[in-house]
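Index from 1, following the sequence.
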Amino acid sequence: MPDVLLDARNIGKRFGGVQALKDVSLTIESGEIYGLIGPNGAGKTTLFNVFTGLYPRDSGEVRFAGAPLSLDSPHAVAAAGIARTFQNIRLFGNMTALENVMVGRHVRTRAGVFSAILRTRAERVEEAGIRRRAEELLYYVGIAGHADDLARQLSYGDQRRLEIARALATEPKLLALDEPAAGMNATETTALRGLIAGLRDDGLTVLLIEHDVKLVMGLCDRVAVLDYGEKIAEDVPAAVRANPKVIEAYLGASTA
């Protein structure tokens, strides 16, 4: 039986008079690609931001890898083993691709400020290891040839790949992707699908928020659907696609 990696129970979040999330519970199993979909305003990004420490939850609890997960800050969440990308690309545009990935490794480094200033042997050895790992990750996502290019000079699709490489630099147990196909053309989307499937095949667990329903249904092992802050379905893609509540949420009651 698969191990549960992330177990969220009764998550609630309110913004003033708006109940963005209402008692949302879900489980993500180790080694799967778990999709999270829903119409605009359904609460997907809010839940995503709660899981990654950007928004404090008002109620509920989250367990990760069998232990309570501290959601106090994004840094604490990253240290626990959850890495994320953003819907709007957030790279350091004036740094090279290699440098961007090396920055992502910071959460796993040991050298402190004084070691960096003094350039101790331990610090130099650690930095060399960070560089090697960053080079490996650029190769893994398919942009090794752009290691020395500034991030802002990369194509849109390659910037998306670079964000994934930077997230992978934290050595996550769960990679959370926030609409990674947004703005991509058909060729770029196909390449992205292959990359995400490869991550799962290599043993990584993936949480995917995506508006491209065709991509989600063809890639994910299980899918959850939110509507007005509530979970209305959670199942394998074929069952979710045929769920009357899901059809109504996307198409409207009269069409359904």
*Linking I/L/V/M/F/W/Y whenever any side-chain heavy atoms sit under 4.5 Å apart, do Tyr156 and Ile164 land together?*
yes
*First locate atom CG of Leu208, then atom CD1 of Ile37, and finally report the distance between them rounded to the nearest 0.5 Å.*
10.0 Å
*Within 45° of the ring axis of Phe15 and under 6.0 Å from its six-membered ring centre, is that where the NZ or CZ of Lys13 lies?*
yes
*Out of curiosity, Asp7 CG to Asp3 CG, how far, rounded to the nearest 0.5 Å?*
12.5 Å
*Roughly how far apart are Lys214 NZ and Arg193 CZ, rounded to 0.5 Å?*
8.5 Å
*Do Arg84's NZ or CZ and the ring of Phe86 fall within the cation-pi criteria of under 6.0 Å and 45°?*
yes
*asked:* Tell me whether Arg9 contacts the main-chain N or O of Gly60 through its side chain, where contact means a donor paired with an acceptor under 3.5 Å.
replied: no
*Between Leu207 and Leu177, does a side-chain contact (heavy atoms from CB on, under 4.5 Å) hold up when you go through it step by step?*
CA-CA 6 Å; Leu207 168 60; Leu177 302 175; over 6 Å; no
_I'd like to know if Val18 and Tyr228 are part of one continuous hydrophobic network [Ile/Leu/Val/Met/Phe/Trp/Tyr, side-chain heavy atoms within less than 4.5 Å]._
no
*State which residue, out of Val77, Leu69, Ile28, fulfils the side-chain contact (heavy atoms from CB on, under 4.5 Å) condition with Phe64.*
Leu69
*Which pair of heavy atoms, one from Arg160 and one from Ala182, lies closest together, and at what distance?*
NH2-O, 3.4 Å
*Stepwise, does the side-chain contact (heavy atoms from CB on, under 4.5 Å) test hold for Leu168 with Leu204?*
CA-CA 10 Å; Leu168 292 174; Leu204 187 62; 3.6 Å; yes
*Once you round to the nearest 0.5 Å, how far does CG of Asp58 lie from NZ of Lys22?*
14.0 Å
